[in-house]
Amino acid sequence: MPYINARLTNTVSKEEELKLKASLGEAVGILGKSEAYLMVEVSDNCRLYFGGKNDTDIAYFEVKLLGRATREKYEALTKKICEIVSEQFSIPGDKVYVKFEEVENWGYNSFLF
């Protein structure tokens with residue numbers, strides 16, 4: 001059960017949102033996870049500051065996943081997320097933060113995974 005929260009400072013159209021969701025659904029395979037259980041949240045027009053400034057578009061992603069992954073897989077997913085954001089929203093990688101959180105217990109449909 002991975003969860004990805006994408007926060008962007010720019011406006012995201014419904015088409016862009018769906019494309020981002022699909023791209024993240026494919027990218028989560030890097031962690032050995034499936035889009036079938038992926039939950040994505042997209043928040044646009046966020047007031048984010050990078051280095052004390054908000055004069056350029058910025059993106060922040062939180063990736064939570066049940067279990068663990070290697071540092072190499074996290075790094076590969078970070079690279080992929082930066083590529084997606086650069087391609088789809090013209091936000092350079094040096095304006096993208098990705099936070100990973102490993103979750104030990106995750107409930108779904110009245111039970112724990």
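Residue indices begin at 1 and follow the sequence shown.
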Flag yes if Tyr49 and Tyr97 sit in one hydrophobic cluster, no otherwise; membership is Ile, Leu, Val, Met, Phe, Trp, Tyr, and two members link when side-chain heavy atoms are under 4.5 Å apart. no
Count I, L, V, M, F, W, Y as connected when their side-chain heavy atoms are under 4.5 Å apart, and connections chain through other members. Are Leu66 and Leu112 then in the same cluster? no
Any donor-acceptor pair under 3.5 Å linking the side-chain atoms of Thr9 with those of Asp57? yes
Counting C-beta onward and ignoring hydrogens, is there a side-chain heavy-atom pair between Lys19 and Glu87 closer than 4.5 Å? yes
The side chain to side chain donor-acceptor pair (under 3.5 Å) partners of Glu62 (sequence neighbours excluded) come to Tyr60
Pairing residues for Ser13 by the side chain to side chain donor-acceptor pair (under 3.5 Å) criterion, not counting sequence neighbours: Glu16
Exceeds 12 heavy-atom contacts within 6.0 angstrom, atom CD of Glu26: no
Just wondering, more than 12 heavy atoms not from Phe113 lying within 6.0 Å of its CZ? yes
Note: Lys95 and Thr56 closest approach over all heavy atoms is CE-CG2, 3.8 Å
Closest approach of Glu102 and Ala69, non-hydrogen atoms and distance? OE2-N, 3.5 Å
Exam field: side chain Ser43 to backbone Arg7, donor-acceptor pair closer than 3.5 Å: no
Which other residues end up in the same hydrophobic cluster as Val85, if Ile, Leu, Val, Met, Phe, Trp and Tyr are linked when side-chain heavy atoms come under 4.5 Å apart? Ile4, Leu8, Val12, Leu20, Leu24, Val28, Ile30, Leu31, Leu38, Val40, Val42, Phe61, Val63, Leu65, Tyr74, Leu77, Ile81, Ile84, Phe89, Ile91, Val96, Val98, Phe100
Evaluation steps, side chain to side chain donor-acceptor pair (under 3.5 Å), between Asn45 and Thr11: CA-CA 5 Å; Asn45 297 313; Thr11 300; 2.7 Å; yes
